[in-house]
Peer 1: 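I have a structure I would like to understand better, so I am pasting it below and will then ask my questions one at a time.
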Number of protein chains: 2
Amino acid sequence: MKIGELSRATGTNIETIRYYERIGLLPAPDRTAANYRSYGDAHRSRLSFVRHSRDLGFTIEEIRSLLDLSDDPARDCSEADRIATRHLEQVEEKIAQLTLLRDELTRIVGRCRGGVAADCRVIEALGDHSHCESAH
Amino acid sequence: MKIGELSRATGTNIETIRYYERIGLLPAPDRTAANYRSYGDAHRSRLSFVRHSRDLGFTIEEIRSLLDLSDDPARDCSEADRIATRHLEQVEEKIAQLTLLRDELTRIVGRCRGGVAADCRVIEALGDHSHCESAH
DNA sequence: ATGCACCCCGTAGCAACTACAGGGTCAAGC
DNA sequence: GCTTGACCCTGTAGTTGCTACGGGGTGCAT
């Protein structure tokens with residue numbers, strides 16, 4: 001399978017595939033006589049793993065560790081669990097942060113009564129943190 | 001006020017202040033005889049506005065628009081409201097996304113029973129999107 | 001005169017891509 | 001047989017919002 005086909009099969013940009021190869025996340029595939037990259041099923045499933053993990057918000061370095069782990073089937077699974085659990089905690093923290101932010105923004109947006117910028121409550125609220133009800 | 005003092009007064013890194021000046025978000029201040037930047041109250045409140053807006057997640061370009069607006073007090077306030085409302089929508093969308101993500105991660109993490117990587121449910125779930133209950 | 005804290009400038013690095021520029025390859029159609 | 005178009009190659013530079021140097025100058029106290 002050539003790179004365009006792999007791209008369509010996994011929903012990954014061609015440039016991104018080459019980028020993953022450059023940073024050593026995907027192994028360099030064989031080349032055709034014309035120097036085109038030639039991929040097999042192993043590449044496709046590895047790339048799917050990477051994309052799915054990225055979609056779930058794992059960093060490249062976390063994915064690298066997870067791939068190392070799955071490349072060595074004798075290793076203990078707890079490392080994978082640790083990485084996923086920590087990531088879950090980060091996501092939960094981010095949600096909490098954004099929720100505070102949303103409340104603050106809702107308050108600020110709700111203050112707009114129209115009119116000119118000089119009287120704008122939105123601009124006023126942005127300039128003055130003391131209007132806020134929570135830390136952020 | 002010198003840059004270090006402004007930095008402490010607004011909780012902004014010195015390098016960040018110089019960066020904001022370089023990209024034209026803060027006006028270049030006067031200089032002392034020793035070529036040190038010398039700031040006044042107007043700079044401090046403008047920088048506070050920027051920091052507060054950044055904390056609320058506005059992009060530099062959005063902040064630029066908001067500053068332009070507040071520099072011209074005769075302009076209509078609706079632009080500010082539009083920017084803030086759109087930003088609020090983005091935050092809400094991000095929260096929704098992250099919530100789906102969190103649910104998926106919770107499900108994946110919950111599957112770990114220990115053991116070796118070859119049987120790891122976490123790694124299996126990452127490799128195979130079809131285990132997922134929602135799109136992401 | 002010698003520390004030390006502070007300031008200057010310019011450039012490079014981070015994450016995770018994305019977007020060129022400037023080329024080569026290959027099959028189909030005229 | 002020659003062009004058109006879709007595909008592929010490499011290498012480098014751009015994106016966002018900073019942060020971190022390296023290699024200097026300034027100002028004040030000891």
Side-chain angles (χ1 to χ4, degrees), chain A residues 1-26 28-39 43 46-67 83 86-87 90-91 94 97 101 136, chain B residues 1-26 28-39 43 46-67 83 86-87 90-91 94 97 101 136:
Chain A
M1 154 171 42
K2 281 189 284 177
I3 199 168
E5 205 182 331
L6 181 64
S7 164
R8 283 185 297 275
T10 60
T12 313
N13 197 319
I14 288 178
E15 321 264 25
T16 305
I17 297 174
R18 287 199 279 249
Y19 168 71
Y20 286 162
E21 180 183 327
R22 205 159 56 242
I23 64 171
L25 207 58
L26 293 183
D30 291 342
R31 299 290 182 122
T32 68
N35 200 32
Y36 288 4
R37 289 173 179 79
S38 176
Y39 297 97
H43 288 101
R46 195 176 179 91
L47 180 53
S48 297
F49 184 100
V50 171
R51 284 317 308 166
H52 192 201
S53 303
R54 285 293 301 131
D55 287 346
L56 287 167
F58 289 94
T59 65
I60 299 281
E61 289 314 307
E62 286 167 339
I63 296 169
R64 215 186 279 279
S65 303
L66 291 166
L67 283 170
I83 292 172
R86 197 192 42 195
H87 180 54
Q90 283 166 6
V91 169
K94 188 81 194 169
Q97 258 179 36
L101 219 73
H136 47 247
Chain B
M1 162 171 33
K2 281 188 287 181
I3 200 168
E5 205 181 333
L6 181 64
S7 165
R8 283 183 297 274
T10 59
T12 312
N13 197 318
I14 288 179
E15 321 264 24
T16 306
I17 298 174
R18 286 198 280 249
Y19 167 71
Y20 286 161
E21 180 182 327
R22 203 159 57 241
I23 64 171
L25 207 58
L26 294 183
D30 291 342
R31 299 290 183 123
T32 68
N35 200 31
Y36 289 4
R37 286 172 180 81
S38 177
Y39 296 98
H43 288 100
R46 194 176 180 91
L47 180 53
S48 298
F49 183 100
V50 171
R51 285 314 310 169
H52 193 202
S53 303
R54 285 293 300 133
D55 287 345
L56 288 166
F58 288 94
T59 66
I60 298 282
E61 289 315 307
E62 284 166 342
I63 295 170
R64 214 187 280 280
S65 302
L66 290 166
L67 283 170
I83 292 172
R86 197 191 42 192
H87 180 55
Q90 282 165 5
V91 169
K94 188 81 193 170
Q97 258 177 37
L101 220 71
H136 47 246

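Any value given below was found using the heavy atoms of this structure, including those in side chains, with hydrogens, waters and symmetry copies removed. In the text below, chain A, chain B and the rest are named by the order of the sequence lines, each starting its count at 1.
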Peer 1: When rounded to the nearest 0.5 angstrom, what distance separates CD in A/E15 from OG in A/S7?
Peer 2: 9.5 Å
Peer 1: Please state how far atom CG in B/L47 lies from atom P in D/dC18, giving the value in whole angstrom units.
Peer 2: 11 Å
Peer 1: Less than 3.5 Å between a donor and an acceptor, one on the side chain of B/Y20 and one on the base of D/dG17, is that the case here?
Peer 2: no
Peer 1: How long is the straight-line distance from CG of B/L66 back to CZ of B/F49, given to the nearest 0.5 Å?
Peer 2: 5.0 Å
Peer 1: Would you mind checking if A/R8 and A/E5 are paired as a salt bridge, meaning a charged N to carboxylate O distance below 4.0 Å?
Peer 2: no
Peer 1: Could you give the CG-to-P distance, from A/N13 to D/dC8, as a whole number of Å?
Peer 2: 12 Å
Peer 1: If you look at every strand shown and take non-hydrogen atoms under 4.0 Å, does B/F58 touch a base, only sugar-phosphate, or nothing?
Peer 2: nothing
Peer 1: Assuming nearest nucleotide by heavy-atom distance, tell me which of B/R51 and B/K2 is located more 5' along DNA chain D.
Peer 2: B/R51
Peer 1: Take atom CG of B/L25 and atom C1' of D/dC18, then tell me their distance rounded to the nearest Å.
Peer 2: 13 Å
Peer 1: Need one value for A/R37: base, sugar-phosphate or nothing, where a base atom within 4.0 Å counts as base even if backbone is also close, heavy atoms only.
Peer 2: sugar-phosphate
Peer 1: For the residue pair B/R51 / B/Y20, report whether a side-chain donor-acceptor contact shorter than 3.5 Å exists.
Peer 2: yes
Peer 1: Mind checking if B/T32 touches a base, just sugar-phosphate, or nothing, with heavy atoms under 4.0 Å?
Peer 2: nothing
Peer 1: Would you kindly give the CG-to-C1' distance between B/D55 and D/dC18, to the nearest whole Å?
Peer 2: 14 Å
Peer 1: For the pair made of CD in A/E5 and C1' in D/dA6, what is the distance, rounded to whole Å?
Peer 2: 14 Å
Peer 1: In terms of the nearest nucleotide of DNA chain C, which residue is placed more toward the 5' end: A/A33 or B/I14?
Peer 2: B/I14
Peer 1: Quick one: on DNA chain D, does A/S38 or B/R54 contact a more 5' nucleotide (nearest heavy atom)?
Peer 2: A/S38
Peer 1: For B/M1, does its backbone N or O pair with a side-chain atom of B/H43 as donor and acceptor, under 3.5 Å?
Peer 2: no
Peer 1: In chain order, what residues pass the side chain to side chain contact (heavy atoms under 4.5 Å, CB included) check against B/T59, with sequence neighbours excluded?
Peer 2: B/E61, B/E62
Peer 1: Counting side-chain heavy atoms from C-beta on, which of D/dC9, D/dC18, D/dG25 comes nearest to B/Y36?
Peer 2: D/dG25
Peer 1: Drop me the distance from B/L101's CG to B/K94's NZ, to the nearest 0.5 angstrom.
Peer 2: 8.5 Å
Peer 1: I need the CZ-P distance between B/R22 and D/dT16, as an integer number of Å.
Peer 2: 15 Å
Peer 1: Take atom CG of A/N35 and atom P of D/dG11, then tell me their distance rounded to the nearest Å.
Peer 2: 11 Å
Peer 1: Could you state the CD1-P distance from A/I17 to D/dT10, rounded to the nearest angstrom?
Peer 2: 13 Å
Peer 1: For chain A and DNA chain C, what are the first and last nucleotides along the strand, 5' to 3', with at least one atom under 4.0 angstrom from a heavy atom of the protein chain?
Peer 2: C/dA16 to C/dC26
Peer 1: Base, sugar-phosphate or nothing for B/I23? Non-hydrogen atoms, less than 4.0 Å.
Peer 2: nothing
